[in-house]
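Notes follow the structure.
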Amino acid sequence: MERRTPQVFFVLSLLALVLILAAAWQANTPYWKVYQRDFHKLEAQGEPNSLTKAAVLASPPVIHQVLLTGLQRVDRCTTCHLGVEDPTMKNAPQPFRFHPGLGPHIPSKFGCTICHGGQGLATEKSDAHGNVMFWQTPLLAKDYIRASCGRCHKEGDVPGVPELTEGRHLFETQGCRGCHKLNGVGGSIGPDLTTEGASHRAPEWLERHFLTPNAVSAGSAMPNFHFTKEQARALTYYMLSLTSEDMGSYYSSVRLIPSAGHGRQLFIEKNCIACHNVGGVGAKTGPDLLGVTKRHSPGWLDEQLVNPSLVYPGSTMPVYDLETNARKALVNFMATATAEDAQAILSQRSKTLTPEDAAIEAGRQNFARFGCVGCHGLQLQGGVPNPNAQGGEVPSLLHASDDYTKDEVIAIIRNGKVPPTEDRSKPAPPLYMPSWRSVLTEEDINRVADYLWSLQKKKDSW
Ligand code: HEC
Ligand code: HEC
Ligand code: HEC
Ligand code: HEC
Ligand code: HEC
Ligand code: HEC
């Protein structure tokens with residue numbers, strides 16, 4: 001035993017030395033250098049000239065980085081993702097593959113993390129991909145990458161990402177604001193969603209939560225909206241886009257993309273169909289717009305929209321104060337507009353309303369926009385579970401006139417109301433009627449009350 005000790009010691013020191021050398025070798029040869037060597041081999045493969053080939057193979061390893069204009073951000077992803085801008089690399093293995101579809105979002109200006117997440121400064125793969133404890137925004141899974149388009153493109157719709165438009169629409173019509181604040185507007189029963197996209201919530205969690213809130217958040221007071229998978233996906237996209245991160249003037253300079261979809265929206269808003277028709281469908285005061293983009297150049301049409309009377313002296317067409325991208329969007333819409341679409345636009349146009357009907361319609365819109373529908377339902381039917389409240393659910397508003405005068409209802413909306421508890425020994429009901437005094441003006445509240453009154457169902461009298 002005694003005589004063996006020096007031998008053991010010797011072996012151990014040898015082992016330590018080997019480990020130290022290995023560590024030193026690894027520190028000098030980090031993986032990104034290995035990737036760069038492999039990339040140079042790949043580049044050299046197709047190179048006929050042997051001198052150039054040798055030069056390519058001998059290129060020294062360098063860290064590539066992109067400084068994002070005006071943002072405190074450095075992306076080094078292209079240190080390994082070396083072929084993103086090289087179309088000849090379209091079949092190369094990752095991380096060398098060409099990146100299709102970047103359009104104007106060129107890597108040298110936009111970097112990668114702005115769309116993908118991850119940790120820009122890191123040069124080790126798992127650190128860079130953000131799969132480390134302390135990093136809040138790991139790479140978005142492939143199915144969710146396009147959600148980040150909405151972090152910069154906030155208005156209008158983003159071509160190729162209908163989920164964002166749909167998600168925003170659901171948010172504004174399903175009553176989410178009844179319980180959630182977004183940018184300072186909304187209730188406080190659920191968490192503020194202003195920076196939901198920068199929270200630690202995984203996209204998969206959000207999506208499951210939208211399908212069944214209770215399944216991932218036990219005992220959640222958030223109602224099950226019975227969304228379809230597509231709707232849950234759309235809302236998840238919209239949530240992921242809400243980071244409230246200041247993208248700086250350069251990156252948010254083009255917030256509105258001149259898509260045909262946005263042009264259609266403008267065409268409806270500006271009521272162009274009141275004078276124009278498409279393929280004969282619509283009014284005849286102005287010319288048929290079918291094929292107008294074939295008759296005139298984009299430049300001509302742009303001029304015409306800026307200043308109709310310069311193009312057609314004495315024009316009766318109104319002058320619209322449209323910004324460049326809005327005009328582009330309209331032209332893009334006109335290029336794709338069809339008679340069927342004009343029919344659809346015409347049939348959706350609201351009929352001319354009497355002043356009373358208009359007030360009721362405004363009330364209906366407030367009821368949706370300010371989130372009343374989130375608790376009371378789109379049809380005012382109530383029924384959202386509210387454990388330990390009397391009746392166990394949020395009341396229907398269809399019979400409010402049986403229990404209250406209109407003034408009393410106005411007072412409830414103004415001041416809010418906490419439902420009486422069924423069993424005092426149990427926790428208070430999670431949902432209560434919030435006070436809307438600081439959110440809605442008196443006029444808005446009156447309109448909502450008018451709307452409610454217009455739908456009251458009288459008790460059967462017999
Ligand atoms: C050290 C080299 C390295 C760096 C740095 C690196 N990557 Fe990767 N990346 C890879 C490799 C290798 C793959 C291939 C798949 C794999 O091995 O995980 C990959 C795959 C990907 C994928 C495909 C999805 C996936 O997870 O397989 C995306 C997206 C990606 N990287 C984005 C980024 C972004 C964004 C950055 C910068 C924040 C970055 N990468 C930095 C090596 C790197
Ligand atoms: C404008 C946003 C945007 C930017 C900037 C961007 N990407 Fe992408 N990237 C995408 C989208 C969207 C996809 C998914 C395309 C699809 O669905 O096939 C994608 C796909 C990828 C993939 C394949 C993912 C997979 O799972 O197969 C890799 C790798 C990747 N990007 C790396 C990068 C790197 C590296 C950079 C920086 C040089 C970068 N991207 C910059 C939007 C972007
Ligand atoms: C970091 C902010 C940012 C993100 C994220 C972003 N974009 Fe953009 N996008 C811009 C800016 C800025 C421009 C204008 C670039 C230019 O013209 O130089 C632009 C331009 C565009 C255009 C072209 C508009 C035109 O004039 O034709 C389209 C389409 C577009 N983006 C779609 C997308 C899609 C799809 C995604 C997600 C995969 C995305 N963007 C992500 C900032 C962003
Ligand atoms: C009746 C009130 C109520 C309504 C209406 C409501 N929520 Fe919630 N929501 C909650 C409550 C309470 C929570 C917290 C418990 C939980 O995680 O489910 C929550 C949680 C969430 C979360 C998770 C936040 C996080 O990271 O923890 C998201 C995202 C969310 N709601 C989005 C929505 C959207 C979008 C709508 C509209 C379709 C909506 N909610 C409608 C009450 C509501
Ligand atoms: C967070 C959920 C929630 C939201 C959002 C909400 N309510 Fe309520 N509301 C309730 C609850 C719970 C009650 C029942 C109070 C009680 O039982 O005393 C109630 C009661 C009422 C009542 C009295 C009905 C009755 O039978 O007691 C009216 C009227 C009413 N709400 C209108 C509205 C209007 C209008 C809005 C939107 C501006 C709205 N509510 C938004 C939860 C909500
Ligand atoms: C008050 C009626 C009126 C409205 C509203 C109107 N226009 Fe016009 N527009 C005209 C008339 C009339 C002409 C024919 C030339 C002229 O007199 O200016 C015309 C011409 C045009 C032309 C040129 C067509 C051609 O073949 O030369 C285009 C394009 C056009 N309008 C687009 C629009 C768009 C887009 C809108 C909505 C933003 C709109 N117009 C709203 C009356 C109108």
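Numbering of residues begins at 1 and proceeds along the displayed sequence. Order of appearance sets the numbers: ligands from 1, and atoms from 1 within every ligand.
Atom 3 (C) of ligand 4 has as its closest protein heavy atom C179 SG, 2.7 Å. Among all protein heavy atoms, the one lying closest to atom 35 (C) of ligand 5 is V448 CG1, 3.4 Å. Counting only heavy atoms of the protein, atom 18 (O) of ligand 4 lies nearest to S220 OG, 2.5 Å. In terms of protein heavy-atom proximity, atom 36 (C) of ligand 5 is closest to C372 SG, 2.8 Å. C80 SG, 3.4 Å is the protein heavy atom nearest to atom 4 (C) of ligand 1. Here the heavy atom of the protein found nearest to atom 26 (O) of ligand 4 is E196 OE2, 2.6 Å. Annotation: atom 14 (C) of ligand 4 to nearest protein heavy atom, P191 CD, 3.6 Å. Scanning the protein heavy atoms around atom 33 (C) of ligand 5, the nearest turns out to be M433 CE, 3.1 Å. Nearest non-hydrogen protein atom to atom 25 (C) of ligand 1 is L139 CD1, 4.7 Å. Considering only non-hydrogen protein atoms, atom 12 (C) of ligand 1 sits nearest to Y35 OH, 3.2 Å. Scanning all protein heavy atoms for the shortest distance to atom 27 (O) of ligand 4 gives R201 NH2, 3.1 Å. From the protein, the heavy atom lying nearest to atom 9 (N) of ligand 4 is H180 NE2, 2.8 Å.
Looking at heavy atoms from C-beta onward, W32 lies out of side-chain contact with K125 at the 4.5 angstrom threshold. Looking at T421 and P429, their side chains come closer than 4.5 Å, going by heavy atoms from C-beta outward. A heavy-atom distance below 4.5 Å is not found between the side chains of L82 and M89. In this structure, the side chains of L455 and Q379 stay at 4.5 Å or more apart for every pair of heavy atoms.
Each of the atoms 38 (C) of ligand 4 lies under 4.0 Å from some heavy atom of F227. Per-residue contacts place C112 under 4.0 angstrom from the following atoms of ligand 1 (heavy atoms of the residue considered): 35 (C). Of all the atoms in ligand 1, the ones that sit under 4.0 Å from a non-hydrogen atom of Q119 are 38 (C). Within the listing of ligand 1, atoms 35 (C) sit less than 4.0 angstrom from a heavy atom of G117. Numbered from 1 in the order shown, with element, the atoms of ligand 4 that lie under 4.0 Å from a heavy atom of G175 read 5 (C). Which parts of ligand 1 touch Q94 is read off a 4.0 Å heavy-atom cut-off, strictly below it: atoms 14 (C). Close contacts between ligand 4 and S217 involve ligand atoms 15 (C), 16 (C), 17 (O), 18 (O) [criterion: under 4.0 Å to a heavy atom]. Using a 4.0 Å cut-off to heavy atoms of T113, the atoms of ligand 1 that qualify are 38 (C). Set against the non-hydrogen atoms of L193, the atoms of ligand 4 under 4.0 Å away are 28 (C), 29 (C), 32 (C). Here is the list of ligand 4 atoms found below 4.0 Å of a heavy atom in W205: 23 (C). Atoms of ligand 1 lying under 4.0 Å from at least one heavy atom of H116, given by number and element, are 29 (C), 35 (C).
Checked against a 3.5 angstrom limit, the closest N/O atoms of Y404 and ligand 5 fall inside it. At least one N or O atom of K125 sits closer than 3.5 Å to an N or O atom of ligand 1. By the 3.5 Å distance cut-off applied to N or O atoms, Q174 is not counted among the residues near ligand 4. Considering backbone and side-chain N/O of S199, none are found under 3.5 Å from N/O of ligand 4. Ligand 4 has a nitrogen or oxygen under 3.5 angstrom from a nitrogen or oxygen of H209. Looking at K417 next to ligand 5, an N or O pair under 3.5 Å apart turns up.
Of all the heavy atoms in P430 and I189, the pair that sits closest is O-CG2, 4.2 Å.
Heavy atoms of A389 found under 4.0 angstrom from ligand 5: none, in either backbone or side chain. Counting heavy atoms closer than 4.0 Å to ligand 1, residue T123 contributes backbone atoms (N, CA, C, O) but none from C-beta onward. Residue-level proximity to ligand 5 for F370 is absent, since no heavy atom of it falls below 4.0 angstrom. By the criterion of a heavy-atom distance under 4.0 Å, both the backbone and the side chain of C176 are placed next to ligand 4. Only the side chain of L397 comes within 4.0 Å of ligand 5, counting heavy atoms alone; its backbone N, CA, C and O stay farther away.
Rounding to 10 degrees gives 170° for the angle at atom 8 (Fe) of ligand 1 between NE2 of H81 and NE2 of H129.
Between atom 38 (C) of ligand 1 and the options C77, G111, G118, the minimum heavy-atom separation is to C77. Checking P419, P395, G190 against atom 13 (C) of ligand 5, the nearest heavy atom belongs to P395.
For R177 (side chain) and V185 (main-chain N/O), a donor-acceptor pair under 3.5 Å exists by modelled atom type.
For I189, the heavy-atom gap to ligand 4 drops under 4.0 angstrom. Ligand 5 lies less than 4.0 angstrom from a heavy atom belonging to P434. Not a single heavy atom of G187 sits closer than 4.0 Å to an atom of ligand 5. A heavy-atom separation below 4.0 Å is not found between V384 and ligand 4. Not a single heavy atom of Y238 sits under 4.0 Å from any atom of ligand 4. The closest approach between a heavy atom of L431 and any atom of ligand 5 is below 4.0 Å. C375 counts as a contact of ligand 4, since one of its heavy atoms falls under 4.0 Å from the ligand.
If you check the side chains of T194 and D192, you find a donor sitting under 3.5 Å from an acceptor.
Note that NE2 of H209 and CE of M239 are 10.5 Å apart. Values are rounded to the nearest 0.5 Å.
Under 4.0 Å is where a charged nitrogen must lie from a carboxylate oxygen, and between R447 and E361 no such pair does. Between R233 and E207 there is a salt bridge, since at least one side-chain N of the basic residue sits less than 4.0 Å from a carboxylate O of the acidic one.
Restricting H376 to its N, O or S atoms, the one at the least distance from atom 8 (Fe) of ligand 5 is NE2.
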| said: The test is side-chain hydrogen bond (donor to acceptor under 3.5 Å, both in side chains); show your working for D357 and T354 and say whether it passes. | reply: CA-CA 5 Å; D357 287 344; T354 64; 3.2 Å; yes
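Within 4.0 Å of atom 40 (N) of ligand 1, at least one protein heavy atom is present.
Taking backbone and side chain together, M222 holds an N, O or S atom under 2.8 Å from atom 8 (Fe) of ligand 4.
Atom CD of E269 is surrounded by more than 12 heavy atoms from other residues, nucleotides or ligands within 6.0 Å.
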